[in-house]
Amino acid sequence: MKSAWSEHDAQAIMDRYALGGIGPDLALRIYSTRLLGSELRLVLHGGGNTSIKALTTDLLGEVTEVVCVKASGGDMATLDETRLPALRLDRLHKLRTRGSLPDEDTPLVLRDALIDPMAPNPSVETLLHAFLPHKFVDHTHANAVLSLTDQEDSDLFCVDVYGSRMGIVPYIMPGFSLAVRAAALYELKPKVEGLILQKHGIVTFGSSARESYERMIEMVSLAEDRLAKNRKAVFVPAPIPGSVARLADVAPILRGIASVKDERLEGAWRRPILDFRTGPAILNFVNGTELSRYAQAGVVTPDHVIRTKIWPLILAVPEQGRPVEFKRNTQKAVTTFIEYYKSYFARHNARAGGDKKMVDPQPRVVLVPGLGLFGLGRTSRDAMIAADIATCAIETITDAEAVGRYASISEAEMFDMEYWPQEQAKLADAQAAHDKPLTGQVAVITGAAGAIGVATAKAFMEVGAEVALMDLDETATLAKARTIGPAALAVHCDVTNAASVRAAFDQVVAAFGGVDIVVSNAGAAWQGRIGEVDEEVLRQSFELNFYGHQRVAQAALKIMLAQGTGGCLLFNVSKQAVNPGLNFGPYGLPKAATLLLVRQYALEYGSDGIRANAVNADRVRSGLLTDDFIKERSKARGVSEKDYMRGNLLGREVTPEDVAQAFVAQALALKTTADVTTVDGGNIAAALR
């Protein structure tokens with residue numbers, strides 16, 4: 001690992017922060033923290049922490065010495081001054097005279113020491129930073145260091161690599177006891193350049209941000225050099241059938257089995273989002289004959305346990321053409337996992353006093369021999385975090401096994417960390433931030449580059465759904481997805497081509513694990529007097545405006561049935577389906593057929609929990625109703641463009657957002673199917689009878 005420090009960049013950040021009255025030391029603390037956070041081999045997703053000791057003026061105008069430490073759960077890669085809460089050092093130093101500090105009291109004590117009472121919660125490792133005397137302190141969970149410390153004889157590895165340059169702290173759960181022990185060890189060996197926290201991570205320190213940062217890079221590099229020497233072959237492969245099932249067939253089955261009925265609302269499910277990973281290193285790991293030994297030995301660092309649980313779920317190889325067998329085996333494996341988790345919780349909760357509340361027992365990481373791994377989470381971000389950590393664990397365990405034998409902390413120690421109040425608080429904050437009506441559901445919108453499609457995608461994302469935008473125009477779809485958010489998926493799809501539709505849905509499944517809601521919105525308006533229109537025009541319109549809907553519905557239905565958790569098919573049918581307009585027969589006829597298609601799906605798949613509904617919209621500015629078309633129609637009727645667009649009973653123009661909200665309402669209506677919702681401001685001629 002090489003230092004990424006740049007004097008040019010360091011000066012630039014000092015200059016930039018100086019404009020806001022922030023001094024060079026704090027600016028360089030921010031700069032070096034971002035350097036550490038941008039290296040995934042050092043920290044992942046809120047892990048690790050850094051600090052700086054300085055003088056500041058409190059709210060009473062008094063100068064006091066503080067430690068500014070990274071906020072709990074904050075991302076080091078994007079750290080700024082608002083995520084470095086300052087705490088009074090004199091208050092924290094007094095704690096060292098105490099024999100203990102109960103876990104439940106720690107957050108209160110830390111908040112009591114804050115200079116700014118409105119500041120975010122400081123890191124759970126604050127006391128470790130405060131008790132060490134150095135101005136700059138850095139703490140990471142470097143993969144290479146963990147590969148050396150996650151060993152049965154880890155002390156020997158650490159002495160061999162570092163000699164007397166680093167102090168070695170036996171494993172102690174983060175918090176007060178670890179901080180006291182680390183500080184005491186440093187005081188016995190004040191010449192050390194840092195500390196190795198066994199089975200946890202590494203700490204370096206210095207009088208400057210650069211010194212502390214570059215010590216971290218050097219110590220991690222020494223560990224990497226050791227791991228490159230005297231390696232032995234690892235992971236003897238187990239026999240794998242020659243025909244492993246496709247990801248697109250495996251993921252929906254797994255996702256459905258990992259879903260849980262929401263007892264609060266009939267017909268509702270709590271579905272996980274899946275993040276799939278594969279590659280030579282992952283396959284080498286999951287295909288090993290001893291997979292259950294090394295993969296289920298425990299987490300590589302306690303910091304990961306709240307995201308991945310203490311072990312992954314291991315499935316049987318999914319063989320192509322045998323989905324029923326894979327589903328049966330997966331159901332059994334998930335049930336066994338949950339039962340064991342419940343017994344694990346009961347055992348250790350009793351040991352810990354019996355006052356803990358069990359968290360969701362579903363797996364967070366799933367290893368599939370022959371295929372790869374899945375991270376599972378409430379949102380795509382949660383799933384990504386679990387998959388990132390699992391990938392990191394594979395690298396760490398692989399290196400550990402190459403030079404020794406991987407060993408984690410005990411099951412009891414993992415439980416104590418998983419149910420540590422400070423760690424559970426991190427999850428509670430994250431869950432509160434994304435607990436929305438459609439959180440955990442995957443919504444697909446076709447015709448998504450158009451006005452209605454984009455508005456619909458935005459509306460579904462706002463209520464928590466993961467969103468895939470499908471459209472024939474690849475460039476436009478990607479651009480629209482970027483305006484919605486980084487989690488929005490852009491997918492090329494030609495709904496008039498069955499292969500394109502199947503490939504598009506395979507891509508959605510690969511990204512999220514399945515599909516729950518489809519808004520079949522793609523369409524175009526062919527015109528012509530029906531007795532004179534060319535037959536080819538009718539065929540083209542039916543290909544898009546009827547068969548396009550059928551292809552999309554069929555592809556989604558296959559996934560929904562594999563998941564077994566119901567679903568929702570939504571169709572844009574247009575008022576032409578019930579109120580045909582002059583010279584719009586080529587458009588209205590397939591739309592009328594699509595309206596019957598909606599009802600047929602509702603009739604035949606209601607018993608599977610799959611709802612089918614339609615939105616009947618009219619006069620919406622979109623790809624079908626262009627500015628030129630509006631001008632032409634308003635002129636033909638002798639009214640202004642404004643009056644033409646408001647030519648309904650309410651006298652209000654219907655917008656794409658109005659249509660989008662109708663689709664969202666139908667997705668949320670768990671006991672409504674075969675419904676047609678009219679969004680046209682009021683048109684008696686188009687009202688259903």
**Message:** Strictly by salt bridge (charged side-chain N to carboxylate O under 4.0 Å, His left out), give each pair with a member in residues 604-614 just once, sequence neighbours left out.
**Reply:** none
**Prompt:** Of Asp275, Leu283, Ile394, which is the lone residue that meets side chain to side chain contact (heavy atoms under 4.5 Å, CB included) with Leu373?
**Reply:** Ile394
**Message:** For a quick test of reading the model, state the closest non-hydrogen atom pair linking Ala386 to Gly375 and the distance between them.
**Reply:** CB-CA, 4.0 Å
**Asked** In Å and rounded to the nearest 0.5 Å, what is the CZ to CD1 distance from Arg277 to Ile282?
**Response** 7.5 Å
**Request:** Just do the salt bridge (charged side-chain N to carboxylate O under 4.0 Å, His left out) check on Arg551 and Glu543 with the steps written out, would you?
**Result:** CA-CA 10 Å; Arg551 293 185 190 99; Glu543 276 296 321; 2.6 Å; yes
**Request:** Check whether the side chains of Asn521 and Asn572 place a donor and an acceptor atom closer than 3.5 Å, and report yes or no.
**Result:** yes
**Fill in**
Minimal heavy-atom distance between Pro361 and Phe337, with the atoms involved, is O-CE2, 3.4 Å
**Fill in**
Contacts of Asp249 meeting salt bridge (charged side-chain N to carboxylate O under 4.0 Å, His left out) (sequence neighbours excluded), chain-then-number -> Arg246
**Asked** Does Ser541 have any side chain to side chain contact (heavy atoms under 4.5 Å, CB included) partners at least two apart in sequence or in another chain, and if so, which?
**Response** Trp526, Asn545, Pro590
**Asked** Just by distance, do the side chain of Thr278 and the backbone of Leu371 share a donor-acceptor pair under 3.5 Å?
**Response** yes
**Message:** Are the side chains of Leu376 and Arg255 in contact, using a 4.5 Å heavy-atom criterion?
**Reply:** no
**Request:** Flag the pair Glu266 and Lys671 as a salt bridge only when some basic side-chain nitrogen lies within less than 4.0 angstrom of an acidic carboxylate oxygen.
**Result:** yes
**Gln661 CD to Phe460 CZ distance, which is reported to the nearest 0.5 Å** = 9.0 Å
**Residues, nucleotides or ligands: over 12 heavy atoms within 6.0 Å of Leu650 CG** = yes
**Message:** Any non-hydrogen side-chain atom of Lys309 less than 4.5 Å from a side-chain atom of Gln362?
**Reply:** no
**Request:** With sequence neighbours left out, write down each residue that passes salt bridge (charged side-chain N to carboxylate O under 4.0 Å, His left out) with Glu536, or none if nothing qualifies.
**Result:** none
**Request:** Specify the closest pair of heavy atoms between Leu274 and Gly513, including all atoms of both residues, with the distance to one decimal.
**Result:** CB-CA, 3.8 Å
**Prompt:** Does one side chain, of Thr655 or Asp658, offer a donor that lies under 3.5 Å from an acceptor on the other?
**Reply:** yes
**Complete:** Here the pair of heavy atoms bringing Pro241 nearest to Val317 is CD-CG1, 3.5 Å
**Request:** Look up atom CD1 in Ile273 and atom CG in Asp382, then write down how far apart they are to the nearest 0.5 Å.
**Result:** 9.5 Å
**Item:** Partner of Gln563 by side chain to side chain contact (heavy atoms under 4.5 Å, CB included), out of Val442, Asp516, Ile257
**Value:** Asp516
**salt bridge (charged side-chain N to carboxylate O under 4.0 Å, His left out) partners of Glu653, counting only residues at least two apart** = Arg621
**Request:** Identify, with sequence neighbours excluded, every residue that meets ring-ring contact (aromatic ring centres under 6.0 Å, His included) alongside Phe663.
**Result:** none
**Glu466/Leu489 under side chain to side chain contact (heavy atoms under 4.5 Å, CB included): CA gap, chis, key distance, verdict** = CA-CA 8 Å; Glu466 308 296 337; Leu489 179 69; over 6 Å; no
**Request:** Drop me the distance from Thr594's OG1 to Leu589's CG, to the nearest 0.5 angstrom.
**Result:** 11.0 Å
**Asked** Does the side chain to side chain contact (heavy atoms under 4.5 Å, CB included) test come out yes or no for Gln550 and Gln554, once each step is laid out?
**Response** CA-CA 6 Å; Gln550 167 66 346; Gln554 282 185 317; 3.3 Å; yes
**Message:** Could you check whether any side-chain heavy atom of Val508 comes within less than 4.5 Å of a side-chain heavy atom of Met470, counting everything from C-beta outward?
**Reply:** yes
**Message:** Can you give me the closest heavy-atom contact between Pro369 and Pro318, atom names plus distance?
**Reply:** O-CD, 3.6 Å
**Message:** Taking Thr308's backbone N and O only, do any of them form a donor-acceptor pair with Arg364's side chain (distance below 3.5 Å, no angle check)?
**Reply:** no
**Message:** Closer than 3.5 angstrom, by distance alone: can the side chain of Asn287 be matched with the main-chain N or O of Gly370 as a donor-acceptor pair?
**Reply:** yes
**Prompt:** Taking the side chain from Asn613 and the backbone from Ala674, do they hold a donor-acceptor pair closer than 3.5 Å?
**Reply:** yes
**Message:** Gln666 and side chain to side chain contact (heavy atoms under 4.5 Å, CB included): which single residue from Thr672, Val615, Ile517, Val676 fits?
**Reply:** Val615
**Request:** Inspect the surroundings of CZ in Phe276 and state if more than 12 heavy atoms from other residues, nucleotides or ligands are less than 6.0 Å away.
**Result:** yes
**Item:** Audit row: Arg34, Asp80, side chain to side chain contact (heavy atoms under 4.5 Å, CB included) steps and yes/no
**Value:** CA-CA 9 Å; Arg34 290 176 182 175; Asp80 61 27; 4.1 Å; yes
**Item:** Step-by-step side chain to side chain contact (heavy atoms under 4.5 Å, CB included) determination, Lys591 to Leu595
**Value:** CA-CA 6 Å; Lys591 283 295 189 178; Leu595 178 57; over 6 Å; no
**Fill in**
Contacts of Phe285 meeting ring-ring contact (aromatic ring centres under 6.0 Å, His included) (sequence neighbours excluded), chain-then-number -> Phe235, Tyr294
**Item:** Taking every non-hydrogen atom, the tightest pair across Ile484 and Ala457
**Value:** CD1-CB, 3.5 Å
**Prompt:** Does a donor on one side chain sit under 3.5 Å from an acceptor on the other, for Tyr644 and Glu632?
**Reply:** no
**Message:** Determine whether a donor-acceptor pair (N or O, by modelled atom type, separation under 3.5 Å) exists between the side chain of Thr673 and the backbone of Ala612.
**Reply:** yes
**Request:** Can you sort out the partners of Ala268 under side chain to side chain contact (heavy atoms under 4.5 Å, CB included), two or more places apart, ordered by chain and number?
**Result:** Asp262, Leu265, Leu670
**Request:** Evaluate the side-chain proximity of Val509 to Phe505: yes if any heavy-atom separation is below 4.5 Å, no if none is.
**Result:** no
**Message:** If you define the side chain from C-beta out and look only at heavy atoms, does anything of Gln441 sit under 4.5 Å from Cys568?
**Reply:** no
**Request:** Scan for salt bridge (charged side-chain N to carboxylate O under 4.0 Å, His left out) pairs involving residues 573-589, sequence neighbours excluded, and state none if there are none.
**Result:** none
**Complete:** Sequence neighbours excluded, the answer for side chain to side chain contact (heavy atoms under 4.5 Å, CB included) partners of Asp471 is Ala449, Asp473, Thr477
**Request:** Please list, chain by chain and in numerical order, all residues satisfying side chain to side chain contact (heavy atoms under 4.5 Å, CB included) with Gln527, sequence neighbours excluded.
**Result:** Phe584, Phe629
**Request:** Identify, with sequence neighbours excluded, every residue that meets salt bridge (charged side-chain N to carboxylate O under 4.0 Å, His left out) alongside Glu39.
**Result:** Arg41
**Prompt:** In Å, rounded to the nearest 0.5 Å, how long is the span from CG of Asn648 to CG of Asp680?
**Reply:** 6.5 Å
**Asked** Nearest 0.5 Å, what's the CG-NE2 distance between Leu40 and His45?
**Response** 7.0 Å
